[in-house]
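Note that the structure is a prediction, hence the values are computed from the model and not measured. So that the names make sense, note that chain A is the first sequence line, chain B the second, and so on, each numbered from 1.
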2 protein chains.
Amino acid sequence: MVVARPIFRRVTVYGQFCPVAKAAELLDQRWMLLVLRELLAGSQHFNEIRRGVPKMSPTLLSQRLRELVRAGVAERTPDKRYTLTPAGKELAPIIEALGAWGTRWVPALGDPDLDPHLLVWDIHRSVNITALPPGRTVLHLIFRDAPPATRYWWLVMTRDGTEICDFDPGYEIAATLDTTLRTLTEIWRGDIGWTQAQNSGVLQVAATPAAHRGLPTWLQLSKFAGTPRPLPVHSG
Amino acid sequence: MVVARPIFRRVTVYGQFCPVAKAAELLDQRWMLLVLRELLAGSQHFNEIRRGVPKMSPTLLSQRLRELVRAGVAERTPDKRYTLTPAGKELAPIIEALGAWGTRWVPALGDPDLDPHLLVWDIHRSVNITALPPGRTVLHLIFRDAPPATRYWWLVMTRDGTEICDFDPGYEIAATLDTTLRTLTEIWRGDIGWTQAQNSGVLQVAATPAAHRGLPTWLQLSKFAGTPRPLPVHSG
DNA sequence: CGGTATCCCCGTCGATACTG
DNA sequence: CAGTATCGACGGGGATACCG
């Protein structure tokens with residue numbers, strides 16, 4: 001006899017009628033907010049979502065997605081895409097507020113927070129392809145401090161979309177950014193500026209004149225980069 | 001030799017630089033959002049906070065509070081009160097948005113979500129004492145479906161504050177509310193209205209004429225009671 | 001591509017008792 | 001009142017392999 005083991009014991013966790021508690025029972029599960037972030041960012045396919053949460057096991061992602069469906073926050077279409085319901089879309093301002101808060105009040109990133117795959121994935125997703133010149137534009141990223149396997153990246157950008165290569169695709173390169181993983185991460189997050197990084201020598205840009213002009217419009221920063229930071233408090 | 005076991009391993013959980021992830025590492029811990037709800041509601045003392053999260057063990061509450069202090073969200077004063085820092089106060093709109101979302105999209109309460117202690121504690125905390133007549137006003141609550149130990153409650157309200165009794169304090173009673181635990185919980189949450197409950201007979205109010213007039217101003221509902229609910233979707 | 005199945009470890013949490 | 005100490009259990013979730 002096979003006993004099906006229960007999958008969702010999360011229906012009641014806190015034993016509280018407070019709506020904050022009822023929302024938390026769904027949302028405070030590990031990885032849940034990040035899965036929602038991915039869905040809100042527009043990812044729909046399982047492996048597409050996974051690329052946004054690569055350190056999550058597929059088993060667990062599957063479980064969380066089913067939980068979202070059960071809760072009426074997401075839906076699974078017949079062609080196996082995950083889309084947000086009205087309830088799910090209403091979580092957008094909450095996730096954004098969380099990101100803004102994290103930007104303001106969680107200041108320092110630890111080295112374990114840095115991840116080249118994730119950074120390149122995020123950057124690729126936000127490339128402003130409408131601003132590109134016709135044809136193909138290739139951007140080469142070098143994380144000089146990263147191990148060889150994750151040191152070199154190429155963004156192949158066209159008006160039809162952007163692709164990531166972790167090997168040289170062989171096309172002509174419009175611009176090369178040579179920097180550290182932390183530097184580009186902090187630029188992406190808006191913690192530091194492009195010029196600040198270049199002036200300190202930790203970022204070197206080699207680009208054709210056209211790319212030099214176009215780069216700031218092609219590459220966009222995290223949606224939280226513009227979040228105003230709290231003024232530092234002086235003690236003296 | 002005693003090895004002090006590490007208490008906070010939560011510094012890096014997700015291995016992501018995304019500020020949503022960094023915020024989630026703090027906030028998605030079990031009970032954390034509810035502890036913050038209590039702090040934002042104004043509770044400061046350990047056992048005062050505990051009354052808002054009675055099913056949380058003191059060990060765990062202590063751990064979470066220290067985590068909040070470590071993260072710069074709360075501070076512990078020399079006289080052992082917990083207060084929110086500017087970072088903590090900025091979480092207020094997030095918690096409120098969570099409550100509003102939970103009100104809109106987590107419709108049905110299970111029986112395990114109902115808790116008479118918690119309900120009376122919440123009601124007591126929101127009594128509009130400035131609207132009270134001089135002297136003492138006593139309100140008697142009866143949860144007719146609850147076990148005897150949690151069936152009878154008295155709210156002793158004065159302009160200096162409100163106290164909860166789970167035994168008859170012996171004072172003159174201005175009003176008696178005889179209802180079920182679920183009914184008063186749903187009224188408190190704004191799921192149903194006072195009159196609706198009275199008309200269906202599941203709530204009976206016996207009050208002096210003065211109390212009958214004053215009651216609606218003395219007793220306030222949850223801050224989420226007024227949240228507009230999504231319109232039900234018809235299927236036909 | 002889009003997941004499941006299985007195993008097992010270890011961290012988290014609950015329970016209880018106790019202390020300054 | 002404001003927590004700490006200790007212990008044990010459990011179940012969440014990581015790792016890995018596999019399937020339609």
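Salt bridge absent: A/R64 and A/E67 never bring a charged side-chain N and a carboxylate O closer than 4.0 Å. A salt bridge links B/R182 to B/D111: one of the charged nitrogens lies within less than 4.0 Å of a carboxylate oxygen.
Side chain of B/T59, nearest nucleotide from D/dA5, D/dA2, D/dA15: D/dA5. Taking every side-chain heavy atom of A/N47 into account, C/dC1 is the closest of D/dT4, C/dC1, C/dG3.
Residue whose closest nucleotide on DNA chain D sits further toward the 5' end, between A/K55 and A/K80: A/K55.
One interatomic measurement links the two molecules: CD of B/Q63 to P of D/dA2, which rounds to 19 Å at whole-angstrom precision. The distance from atom CD of A/E67 to atom C1' of D/dG13 is 15 Å, rounded to the nearest whole Å. Taking atom CG of A/L60 as the reference point, atom P of D/dG12 lies 10 Å away to the nearest angstrom. For the pair B/R50 CZ and D/dT4 C1', the interatomic distance rounds to 13 Å; values are reported in whole Å. As a whole-Å value, the separation of A/Y14 OH from C/dT12 P is 14 Å. If you take CE of A/M32 and P of D/dG12, they are 13 Å apart, rounded to a whole angstrom. One can place CH2 of A/W31 at 17 Å from P of D/dG12, the figure rounded to the nearest angstrom. Taking atom CG on A/L61 and atom C1' on C/dA5, their separation rounds to 16 Å, with Å as the unit.
Of the side-chain N and O atoms in A/R64, one or more sit less than 4.0 angstrom from OP1 or OP2 of D/dG13. Applying the 4.0 Å criterion to OP1 and OP2 of D/dA2, one finds that B/R66 has every side-chain N and O outside that range. Contact between the side-chain N/O atoms of B/H45 and the OP1/OP2 oxygens of D/dA2 is found at a separation under 4.0 Å. The shortest distance between the side-chain N/O atoms of B/S57 and the OP1/OP2 oxygens of C/dA15 is not below 4.0 Å.
With 3.5 Å as the limit, one finds no donor-acceptor pair spanning the side chains of B/D160 and B/T158.
Across all strands shown, B/R76 has heavy atoms under 4.0 Å from sugar-phosphate atoms exclusively, and none from any base.
Nearest heavy atom pair, residue B/L33 against residue A/A24, reads CD1-CB, 3.9 Å.
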Show which side-chain atoms of residues 49-59 of chain B pair as donor or acceptor with protein atoms under 3.5 Å away, not counting sequence neighbours.
residue : atom : partner : partner atom : Å
B/K55   : NZ   : A/G15   : O            : 3.1
B/K55   : NZ   : B/D115  : OD2          : 3.0
B/S57   : OG   : B/L60   : N            : 3.2

